[in-house]
Number of protein chains: 2
Amino acid sequence: MSKQDGDTLLVLFEALANPHRLKIISILFVERQYVSQLAREAEMSRPLLYMHLQKLEKAGLVKSEMELSTDGKAMKYYELVAFDFTITPALIKDAAETITIKKKEGK
Amino acid sequence: MSKQDGDTLLVLFEALANPHRLKIISILFVERQYVSQLAREAEMSRPLLYMHLQKLEKAGLVKSEMELSTDGKAMKYYELVAFDFTITPALIKDAAETITIKKKEGK
DNA sequence: AACATGTGTAATATATTTATTACACATGAT
DNA sequence: ATCATGTGTAATAAATATATTACACATGTT
């Protein structure tokens, strides 16, 4: 991660600041999974899982794609996006200067 | 950062997931500062600043010490703790397995 | 004594995040 | 047709995080 945009960095930290989302990352690190199965493994309802997945997706940590199973069902698969961030005070200082989000805007 | 405890990692991400706290880090990166002055530079009230500083301190990102100014006033100085974290899916997977916090406990 | 500056916190209000409930709709198998 | 499985979302409730207000107390200066 080179010079980071402040808002982007903030969205990243917000995405990582939740135990369920870390668990989701943990599960997807092993293998990609479709939503219903992921909900079972993460032990949470699908509506809640969707909410968490959206935050992860907006942060660029996961991505999704629809597929058709052999028996014709629509399956939405999520997979982890490879990442490797180095967090230092200097990086945060550079990023902090470009932060614009104060109150939540349209997301 | 070697193998990371899940709860510790979570507290770290939570501490970083706020624009004001990134700004505080940014200010302290330049030089250590006492609370009232820091409040002015960060453009926030002292009570609010205290709240943010506590989160940063619990995450181990800043530390404080009391000093007496030349004119005898008690001054609480905060300074940045050097850090350099590398965040990868593998690290999160290892950490996620040791996460215990589900609801907020005593802090 | 009143003022300016510093530390520190309790009580409360506001905003946001997290979680649940209740739906709608589709496909293949029984 | 009903059941089991999948996707998707709107409305609401509950829990947390963020922010404000109003204090108390201390020192040195005017």
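Atom set for the values below is all heavy atoms of this structure, side chains included, hydrogens, waters and symmetry mates excluded. Every chain is numbered from 1 and lettered A, B, ... according to where its sequence line falls, protein lines coming before strand lines. Given the structure is predicted, the values throughout are model-derived calculations rather than measurements.
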Whole-Å distance separating the [atom1] atom of [X] from the [atom2] atom of [N]:
{"X": "A/Met75", "N": "D/dG8", "atom1": "CE", "atom2": "P", "answer": "11 Å"}
{"X": "A/Leu49", "N": "C/dT18", "atom1": "CG", "atom2": "P", "answer": "14 Å"}
{"X": "A/Arg46", "N": "C/dA22", "atom1": "CZ", "atom2": "P", "answer": "15 Å"}
{"X": "A/Glu14", "N": "D/dT16", "atom1": "CD", "atom2": "C1'", "answer": "14 Å"}
{"X": "B/Glu67", "N": "C/dT7", "atom1": "CD", "atom2": "P", "answer": "11 Å"}
{"X": "B/His20", "N": "D/dT18", "atom1": "NE2", "atom2": "P", "answer": "9 Å"}
{"X": "A/Met51", "N": "D/dT16", "atom1": "CE", "atom2": "P", "answer": "13 Å"}
{"X": "A/Asn18", "N": "C/dT16", "atom1": "CG", "atom2": "C1'", "answer": "13 Å"}

**Message:** Pick the closest DNA chain C nucleotide for B/Arg40 and for A/Pro47 by heavy atoms, then say which residue is nearer the 5' end.
**Reply:**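 First, find each residue's nearest nucleotide; the 5'-ward one identifies B/Arg40.
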**Item:** Nearest-nucleotide comparison on DNA chain C, the residue closer to the 5′ end among A/Met44 and B/Tyr77
**Value:**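 The residue closer to the strand's 5' end, by nearest nucleotide, is B/Tyr77.
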**Phosphate OP1/OP2 of D/dG8: any A/Lys76 side-chain N/O under 4.0 Å** = yes
**Item:** Short side-chain N/O contact from B/Ser36 to OP1 or OP2 of C/dT7, under 4.0 Å
**Value:**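 B/Ser36 to C/dT7 OP1/OP2: side-chain N or O found under 4.0 Å.
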Nearest listed nucleotide, side chain of [X], among [options]:
{"X": "B/Tyr50", "options": "D/dT7, C/dA19, C/dG8", "result": "C/dG8"}
{"X": "A/Leu48", "options": "D/dG8, C/dT18, C/dT7", "result": "C/dT18"}
{"X": "A/His52", "options": "C/dT7, C/dA19, D/dG6", "result": "C/dA19"}

**Option from B/Gln33, B/Lys63, B/Glu57 for which side chain to side chain donor-acceptor pair (under 3.5 Å) with B/Tyr78 holds** =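 When side chain to side chain donor-acceptor pair (under 3.5 Å) is applied between B/Tyr78 and each of B/Gln33, B/Lys63, B/Glu57, only B/Glu57 qualifies.
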[X] versus [Y]: any side-chain heavy-atom pair under 4.5 Å?
{"X": "A/Leu16", "Y": "B/Leu9", "answer": "no"}
{"X": "A/Ile25", "Y": "A/Arg21", "answer": "no"}
{"X": "B/Phe85", "Y": "B/Leu91", "answer": "no"}
{"X": "B/Met44", "Y": "B/Ile24", "answer": "yes"}

**Message:** Mind checking if A/Tyr34 touches a base, just sugar-phosphate, or nothing, with heavy atoms under 4.0 Å?
**Reply:**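 If one applies the 4.0 Å heavy-atom cut-off, A/Tyr34 turns out to touch the sugar-phosphate alone, with no base involved.
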**Message:** Applying a 4.0 Å non-hydrogen cut-off, can you work out what A/Met66 is touching in the nucleic acid: base, sugar-phosphate, or nothing?
**Reply:** sugar-phosphate
**Asked** Do side-chain atoms of B/Thr98 reach the backbone of B/Gly6 as a donor and acceptor pair under 3.5 angstrom?
**Response**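 Yes; judged by distance alone, with no hydrogens or angles, the pair exists.
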**Donor-acceptor under 3.5 Å (B/Arg32 side chain, B/Tyr77 main chain)** =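 The answer is no, because no donor-acceptor pair under 3.5 Å joins these two groups.
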**Asked** How does protein contact run along nucleotides 25-30 of chain C, one letter per nucleotide 5' to 3', with B for base contact, S for sugar-phosphate only, - for none, heavy atoms under 4.0 Å?
**Response** --BS--
